[in-house]
> 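Before I ask anything, let me first share the structure, which is written out below as structure tokens.
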There are 2 protein chains.
Amino acid sequence: MSDLTELEGAALSLISRSQPMTTYAVRSVFQQSLTNSWSASAGSIYPLVRKLLRANLLSETQQKGDGRGTKMLSITRSGKTALRDWVRATDANVIDPVADPIRTRSHYLDSLPSREQKRLVTEWQRLSRNVIAQIKVSIEQGQKSGDRLEVRALRASQLQMEARLTWLSELEKEL
Amino acid sequence: MSDLTELEGAALSLISRSQPMTTYAVRSVFQQSLTNSWSASAGSIYPLVRKLLRANLLSETQQKGDGRGTKMLSITRSGKTALRDWVRATDANVIDPVADPIRTRSHYLDSLPSREQKRLVTEWQRLSRNVIAQIKVSIEQGQKSGDRLEVRALRASQLQMEARLTWLSELEKEL
DNA sequence: ATCCCCATGTAAATTGTTACATGATTCG
DNA sequence: CGAATCATGTAACAATTTACATGGGGAT
């Protein structure tokens with residue numbers, strides 16, 4: 001049917017792997033993700049799921065004997081098709097470099113006094129190293145629980161962050 | 001005053017480097033950027049500049065003798081302060097790994113037939129290499145014209161894309 | 001009982017996209 | 001003089017955030 005947005009694709013893909021699951025659980029996964037971008041507030045995820053239900057890409061079944069109105073989501077046949085199309089369609093937006101807020105801020109560095117430039121770059125390095133350490137911990141956890149897909153994605157984040165560190169140390173030498 | 005969004009910060013930072021410049025020129029720079037995320041449509045950039053003007057972070061001066069109503073933007077004293085604060089404020093959203101659409105799609109790979117998994121990964125590698133080649137051309141151009149800041153940012157994009165390639169070749173071996 | 005998590009959602013406001021609309025200037 | 005580019009902007013729609021609002025279930 002209609003093309004999926006990034007968030008729709010990610011949600012549909014998650015549900016397809018972990019079905020049946022609640023909307024609440026989908027949201028929790030996004031919230032716990034180490035990646036920025038996806039805060040996935042209630043105000044975005046519930047309407048999004050409703051939209052996917054109406055488009056018949058998801059189906060829901062009410063849980064009996066649960067006063068909370070818990071509903072389990074599953075992907076439909078059309079949902080699987082839409083998901084495949086989404087994964088296959090590789091246009092420029094999917095391939096192009098993604099905006100790194102640190103890189104964005106680097107444009108402004110020259111306007112700061114030299115001492116503060118160095119201080120900031122050092123701070124960015126320190127914080128990025130912390131994140132990498134966190135990622136490594138998560139990778140170990142993922143390996144223990146045998147979650148190959150999660151480990152794979154975390155490894156991508158690790159490499160991305162290490163690339164940033166490489167760049168920051170090049171930058172440091174320039175200053 | 002109020003905290004700047006990424007787009008506001010980027011715009012303000014750009015204007016602070018290249019002032020005086022028109023809103024149209026700001027938009028052109030964003031459009032030509034190799035980074036996805038910033039399509040910076042007229043419908044986003046003109047209202048954004050208006051907002052920064054109202055907040056007194058920018059000032060504009062009408063160009064005389066230009067029937068197009070060309071207005072030149074400059075950063076104000078408060079604008080400089082806001083920009084400094086924006087660059088200095090390094091919270092989690094600034095540091096955390098950024099969402100890579102390819103990484104997002106990788107979650108779904110396992111659901112595809114093995115042959116198609118390999119085909120997709122190969123395709124992603126090919127397209128990513130193309131982008132890297134493009135970046136290298138831009139870097140050379142930037143070096144010739146002596147645009148240090150641009151070269152610096154492009155180098156960050158290059159490293160980010162190379163990290164993705166490294167990851168894709170690890171993935172390839174897994175399959 | 002009480003606290004935390006599960007689970008649902010809505011309302012208002014902001015932000016951003018797509019598509020449209022207009023006209024001036026510059027370069028060949 | 002015609003085409004590309006410069007330059008401004010708006011209108012309708014879509015997506016997202018922030019903040020609010022409600023209540024059940026399970027563990028101590």
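Throughout, a chain's letter reflects where its sequence line sits, starting with A, and its residues are numbered from 1. Only heavy atoms go into these numbers, but all of them, side chains included; no hydrogens, no water, no symmetry mates.
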> Would you mind checking if Arg155(B) and Glu170(A) are paired as a salt bridge, meaning a charged N to carboxylate O distance below 4.0 Å?
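Yes, this pair counts.
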> Nearest whole Å is fine: how far is dA24(C) P from Gln63(B) CD?
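Rounded to the whole Å, the gap is 17 Å.
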> Determine, stepwise, if the pair Thr61(B) / Ser74(B) fulfils side chain to side chain contact (heavy atoms under 4.5 Å, CB included).
CA-CA 8 Å; Thr61(B) 55; Ser74(B) 299; 5.8 Å; no
> Please step through side chain to side chain contact (heavy atoms under 4.5 Å, CB included) for the pair Arg105(B) and Trp86(A), ending with a clear verdict.
CA-CA 8 Å; Arg105(B) 280 157 182 75; Trp86(A) 176 75; 3.1 Å; yes
> Write out all pairs satisfying side chain to side chain donor-acceptor pair (under 3.5 Å) with one or both partners inside residues 22-40 of chain A, taking only residues at least two apart or from two chains.
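The answer is Thr35(A)-Arg103(B).
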> Is there a path of hydrophobic side-chain contacts, each under 4.5 Å between heavy atoms of I/L/V/M/F/W/Y residues, joining Met72(A) to Leu48(A)?
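In one cluster: no.
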> Quick test of your reading of the model: are Glu123(A) and Arg88(B) salt-bridged, counting only N-O distances below 4.0 Å?
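No, Glu123(A) and Arg88(B) are not salt-bridged.
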> For salt bridge (charged side-chain N to carboxylate O under 4.0 Å, His left out), just list the numbers for Glu172(B) and Lys118(B), CA-CA rounded to whole Å, side-chain angles, deciding distance to a tenth of an Å, and then say yes or no.
CA-CA 7 Å; Glu172(B) 202 179 23; Lys118(B) 285 173 190 157; over 6 Å; no
> Specify the angle, to 10°, made by the local axes at the two ends of the helix from dA1(C)-dT28(D) to dG28(C)-dC1(D) when five pairs are taken at each end.
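Taking the rotation axis at each end, their angle is 30°.
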> Using a cut-off of 4.0 Å on non-hydrogen atoms, how would the nucleic acid contact of Gly43(B) be classed: base, sugar-phosphate, or nothing?
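Answer is base: heavy atoms of Gly43(B) come under 4.0 Å of a base.
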> What parts of residues 18-37 of chain A reach DNA chain C, counting only heavy atoms under 4.0 Å away?
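Of all residues in residues 18-37 of chain A, the ones placing a heavy atom under 4.0 Å from DNA chain C are Thr22(A), Thr23(A), Tyr24(A).
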> Can a salt bridge be assigned to the pair Asp110(A) and Arg148(B) using a cut-off of 4.0 Å between side-chain N and carboxylate O?
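Salt bridge flag = yes for Arg148(B) with Asp110(A).
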> Closest nucleotide of DNA chain C for Leu48(B) versus for Ala42(B): which of these residues is on the 5' side?
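The 5'-side residue here is Leu48(B).
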> Once you round to the nearest 0.5 Å, how far does CG of Leu83(A) lie from CG of Leu12(A)?
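These two atoms lie 5.0 Å from each other.
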> From the 5' end of DNA chain D to its 3' end, which nucleotides mark the outer limits of contact with chain A, defined by a 4.0 Å heavy-atom distance cut-off (strictly under)?
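With heavy atoms of chain A under 4.0 Å away, the range is dA15(D) to dG25(D).
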> Leu149(B): which other cluster members, linking ILVMFWY side chains closer than 4.5 Å, directly or transitively?
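When side chains under 4.5 Å apart are linked, Leu149(B) ends up in no cluster with other residues.
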> Would Leu109(A) and Arg152(B) satisfy side chain to side chain contact (heavy atoms under 4.5 Å, CB included), going step by step from the backbone distance to the final call?
CA-CA 11 Å; Leu109(A) 266 189; Arg152(B) 190 189 274 172; 4.2 Å; yes
> In whole angstrom, give the distance that lies between atom CG of Leu73(A) and atom P of dA7(C).
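Nearest whole value for this atom pair: 11 Å.
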> Could you check Thr81(B) against Thr76(B) for side chain to side chain contact (heavy atoms under 4.5 Å, CB included), going step by step and ending with a plain yes or no?
CA-CA 9 Å; Thr81(B) 307; Thr76(B) 63; over 6 Å; no
> dG16(C) C1' sits how many Å from Glu6(A) CD, rounded?
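Distance check: Glu6(A) CD to dG16(C) C1' gives 16 Å.
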> Any protein N or O atoms within reach of nucleotides 25-28 of chain C? Criterion: under 3.5 Å, listing atom names and distances.
from: dT25(C); atom 1: OP1; to: Gly67(B); atom 2: N; distance (Å): 3.0

> Do Arg17(B) and Ser13(B) get their side chains close enough for a donor-acceptor pair, meaning under 3.5 Å?
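Checked: Arg17(B)/Ser13(B) side chains pair up, N/O donor to acceptor below 3.5 Å.
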> Assign Ser44(A) to base, sugar-phosphate, or nothing according to its heavy-atom contacts below 4.0 angstrom with the strands shown.
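Base contact.
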> Over all strands shown, is Thr70(B) touching base, sugar-phosphate only, or nothing at heavy-atom distances under 4.0 angstrom?
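Result for Thr70(B) = sugar-phosphate.
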